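Keep in mind that what you see is a predicted model, and the values were worked out from it rather than measured. All heavy atoms count here, side chains included; hydrogens, waters and symmetry mates do not. Just so we're on the same page: letters track the sequence lines, and every chain starts at 1.
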Amino acid sequence: MIPGASVGEVVLRVSDVSLRRGGTRVLERVSFAVVDRIREGAVTGQVVSLLGPSGIGKTSLLRVLAGLEQPERGEVIGAAGAKLDARTVGLVFQHYPLLAHRTIEDNLVVAGRIGGLDEPRAKRRARELMERVGIDERARYYPAQLSGGQRQRAAVAQQLVLPRRVLLLDEPFSGLDPAALSDVTALVTEVANEHELNTVVIVTHDVRAALRVSDTIVLLGRSANDSGMGASVRATFDLVDLGLAWEHGAKAPHAVAELEHEIELRFREPSARRPLL
Amino acid sequence: MVSRVLRPNRAVDARTSGVLILGWCAAALAVWALSPVSTLPAPREVVGALTDLWWQGGLGPELYTTLKLIAAALACSVVLSLALAWGSVIPAVKPITAGVSKLRFLGLTGLLFPFTLATGGGFALKVALLTFGMTTFLVTSLARIVAEIPRSQIDYVRSLGASEPRVIWETVVRGTLDRTIDAVRQNVAMGWSMITMVEGIARSDGGVGALLLNQNKHFRLAEVYAVLVVILLVGLVIDYGMGALASLVCPHARFESSDKSERSSS
């Protein structure tokens with residue numbers, strides 16, 4: 001355990017979530033919990049990465065968390081122990097969709113207006129967020145005029161116009177160059193650490209990037225013995241317990257590399273049932 | 001320059017493009033002027049016929065009648081098509097949209113009798129026929145535009161907390177407006193090309209189509225070509241106007257098309 005770190009209440013609990021689409025089982029009794037990370041002298045939110053091979057059902061789980069899809073069974077519980085309110089959940093889709101017919105500023109203002117803010121407040125909030133994520137000079141641009149990194153920041157900013165306790169990011173590291181990747185990890189950390197109860201859930205298959213930014217890693221997989229079964233949680237890695245979360249991971253590159261190797265092995269061996277830790 | 005304009009898949013600047021267009025137009029005029037086909041009136045004869053038709057033959061009022069007809073048919077067609085295409089997001093409406101789209105395989109000739117009975121003939125009949133002809137094709141194009149909206153785009157707007165009417169507004173109505181205007185633009189061209197046939201059905205109301213057929217009947221070829229030139233030029237002006245409207249209402253569209261072409265070339 002990292003010195004000075006402790007855990008508080010559960011801020012997000014995914015309990016026994018199963019999902020079937022058509023005749024196919026997508027998720028099978030997925031369960032994991034996200035706990036409030038507490039650090040002495042610092043406001044610390046939570047960053048959880050859902051890792052798994054492509055097509056395993058990670059995005060489907062994200063859709064369930066966002067309230068876009070109803071699970072066949074199971075539930076998603078928020079910080080207060082009540083069912084997670086979809087209005088407090090932001091979702092940034094892969095490829096960062098925005099409203100192509102609106103300027104960047106309008107995209108943010110519309111998100112505010114939809115959420116019930118009046119025009120002046122929505123505009124104020126939009127300007128504040130554009131400045132924060134460094135796209136204020138692109139306010140009058142259309143999404144098609146932005147680079148991939150700028151579009152991603154705009155998409156994150158749009159989801160932050162309204163107060164969100166949970167922010168879901170679908171494959172935020174895909175197709176980014178090292179500089180843009182660094183920007184995204186910094187932005188994710190900043191968003192998470194804005195409030196003690198903020199939780200960022202990232203869906204990715206990029207193990208290295210996930211280890212760099214997360215405090216918890218949830219590995220999704222499908223057992224080879226359970227043909228026809230959906231994906232379930234194969235392992236959970238508490239990087240705070242392992243002493244590899246936050247800036248501590250950078251101080252222990254060998255331990256991080258070993259863990260990365262172990263996780264990648266699990267990617268290749270879906271039938272492995274034994275818990276790693 | 002010559003090698004540049006002859007190589008495939010090369011982009012040329014606006015000036016070169018203009019030179020190419022002027023060059024081809026000059027070549028076409030030269031072919032026309034020097035054509036040995038004696039039944040083809042010379043450009044000078046066509047210009048003379050055009051001047052006569054405009055000042056003495058009532059081409060101006062006939063053109064106004066035709067423009068009134070195409071405007072009325074376009075308005076009816078756009079309203080009906082948009083209602084059916086946008087309505088296709090509702091499962092109960094979808095079969096009606098698909099059914100109307102399939103009617104494009106029907107010809108207008110067989111429908112003349114029921115449409116005459118229903119409208120009483122004259123201008124209303126022509127509007128009805130043209131509207132029918134345009135709507136079946138426009139519905140097909142617009143319904144495809146709506147069907148091609150990615151599911152992820154709809155989910156994305158929902159993830160902002162939007163109500164279903166707002167989701168439809170942002171994704172179906174505003175989100176596809178540039179492509180909708182483009183489809184209408186193509187449809188206007190189709191309707192414009194149907195003008196001669198439709199106006200030929202009720203010639204008493206006039207119009208450039210009726211004028212063309214009357215000149216044709218008396219084998220006045222210079223006048224026929226003069227009317228054809230007017231039909232072509234007005235069609236081009238309408239097309240240009242619709243393009244300008246699309247740029248004005250949907251300025252984002254030009255960035256999207258360049259974005260797509262950049263992505264496909266990278």
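- A/Glu128 CD: more than 12 foreign heavy atoms inside a 6.0 Å radius.
- Put simply, CG on B/Leu177 and NE2 on A/His101 are 9.0 Å apart, with the number rounded to the nearest 0.5 Å.
- Other residues, nucleotides and ligands place no more than 12 heavy atoms under 6.0 Å from the CZ atom of A/Arg13.
- Looking at A/Arg113, there are no atoms closer than 4.5 Å to chain B (heavy atoms on both sides), in backbone or side chain.
- Listed here is the closest heavy atom pair of A/Gln159 and B/Ser159: NE2-OG, 3.4 Å.
- For a residue to count as touching a neighbouring chain, one of its non-hydrogen atoms must lie under 4.5 Å from one of that chain's; by this rule A/Leu98 touches chain B with backbone and side chain alike.
- To the nearest 0.5 Å, the span separating OH on B/Tyr156 from CG on A/Leu91 amounts to 11.0 Å.
- There is no side-chain donor-acceptor pair under 3.5 Å between A/Gln145 and B/His252.
- In this structure, B/Leu160 and A/Ile114 approach most closely via the heavy-atom pair O-CG2, 3.5 Å.
- Heavy-atom neighbours of B/Arg144 CZ from other residues, nucleotides or ligands within 6.0 Å: at or below the threshold of 12.
- Both the backbone and the side chain of B/Glu170 come within contact range of chain A, each with at least one heavy atom under 4.5 Å from a heavy atom of that chain.
- Only the side chain of A/Asn107 comes within contact range of chain B, with at least one heavy atom under 4.5 Å from a heavy atom of that chain.
- Only the side chain of A/Leu68 comes within contact range of chain B, with at least one heavy atom under 4.5 Å from a heavy atom of that chain.
- Taking 4.5 Å as the limit, some side-chain heavy atom of A/Tyr142 sits within range of a side-chain heavy atom of B/Pro251.
- With a threshold of 4.5 angstrom between heavy atoms, B/Arg166 approaches chain A through side-chain atoms but not through N, CA, C or O.
- In this structure, chain B has heavy atoms under 4.5 Å from both the backbone and the side chain of A/Ala100.
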